[in-house]
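Here the structure comes first, spelled out in structure tokens, and everything after it is commentary.
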Amino acid sequence: MFPFPRIHKLRCIKQALLVLFFLPILASFSQTNDTSEKQATTSKPGRVSFIATIDIASTTKDGIYLNGYVVNMSYDQIEKLNGKKVRVSGKVTIVKGLNNTPKIYDEKGNELIRGGRNSDTKHIQSPKIEIIQ
């Protein structure tokens, strides 16, 4: 008898349509933190060379993430180069991640929990590092 439930329902439908309209637009404004200056170039098969800025925040236990590669460097070396633009070159090796290796089970049939990265990663084990700036 009263029009209030109908008005409330229309208001909810309008709000839902607005959210569904603006949600994809907002999602398209995502940002990434990329410290690389240039795309990697390959001179020989299995080798790569690129320019990047060292950011100590990208440090891992294996070295530092630069331009999609894990570059094997000591923490002392990363500290000395922090904020500097460098040219990194070296041989690329692929380290298989947990998703691409067979699962391991104990004698009772329980899956063993392993540590490591889930996906494959590209590593530069013995990089040549040249300071540009």
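Side chains included, hydrogens not; waters and symmetry mates left out as well; all remaining heavy atoms used. Quick note: residue numbers are just sequence positions, from 1.
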Of all heavy-atom pairs linking Ile54 and Ile78, the shortest is CG2-O, 3.9 Å

Check the pair Val88, Ile124 against side chain to side chain contact (heavy atoms under 4.5 Å, CB included), reporting the backbone distance first and the verdict last.
-> CA-CA 9 Å; Val88 178; Ile124 302 175; 4.3 Å; yes

Ile64 and Asp55 have their tightest heavy-atom pair at CD1-O, 3.4 Å

Pair Phe50-Val71, side chain to side chain contact (heavy atoms under 4.5 Å, CB included): steps then yes or no | CA-CA 12 Å; Phe50 58 89; Val71 180; 4.3 Å; yes

Listed by chain and number, what are the side-chain contact (heavy atoms from CB on, under 4.5 Å) partners of Glu111, not counting sequence neighbours?
-> Lys103, Tyr105

Gln125 side chain near Thr93 side chain, heavy-atom distance below 4.5 Å | yes

Sequence-distant partners of Glu130, side-chain contact (heavy atoms from CB on, under 4.5 Å), two or more places apart = Arg87

Can you name the salt bridge (Lys or Arg N to Asp or Glu O under 4.0 Å) partners of Asp62, sequence neighbours left out?
-> Arg117

Drop me the distance from Ser58's OG to Asn82's CG, to the nearest 0.5 angstrom.
-> 9.5 Å

Verify the cluster assignment for Val95 and Leu66: are they in a single hydrophobic cluster under the rule of side-chain heavy atoms below 4.5 Å apart?
-> no

Nearest heavy atoms of Gly68 and Lys122, plus distance in Å | O-CE, 3.9 Å

With side chain to side chain contact (heavy atoms under 4.5 Å, CB included) as the test, would you mind laying out the steps for Ile56 and Tyr75 before giving the verdict?
-> CA-CA 9 Å; Ile56 204 162; Tyr75 189 78; 3.4 Å; yes

Nearest 0.5 Å please: distance from the NZ atom of Lys128 over to the CZ atom of Arg47.
-> 9.0 Å

For Ser126, enumerate each residue passing the side-chain contact (heavy atoms from CB on, under 4.5 Å) test, keeping only those at least two apart in sequence or located in another chain.
-> none

Give the intermediate values and the outcome of side chain to side chain contact (heavy atoms under 4.5 Å, CB included) for residues Leu81 and Ile131.
-> CA-CA 8 Å; Leu81 297 173; Ile131 299 173; 3.5 Å; yes

Partners of Leu112 by side-chain contact (heavy atoms from CB on, under 4.5 Å), sequence neighbours excluded?
-> Ile104, Asp106

Salt bridge (charged side-chain N to carboxylate O under 4.0 Å, His left out) contacts touching residues 66-81 (sequence neighbours left out) | none

Just wondering, do Ile129 and Met73 contact through their side chains at under 4.5 Å, heavy atoms?
-> yes

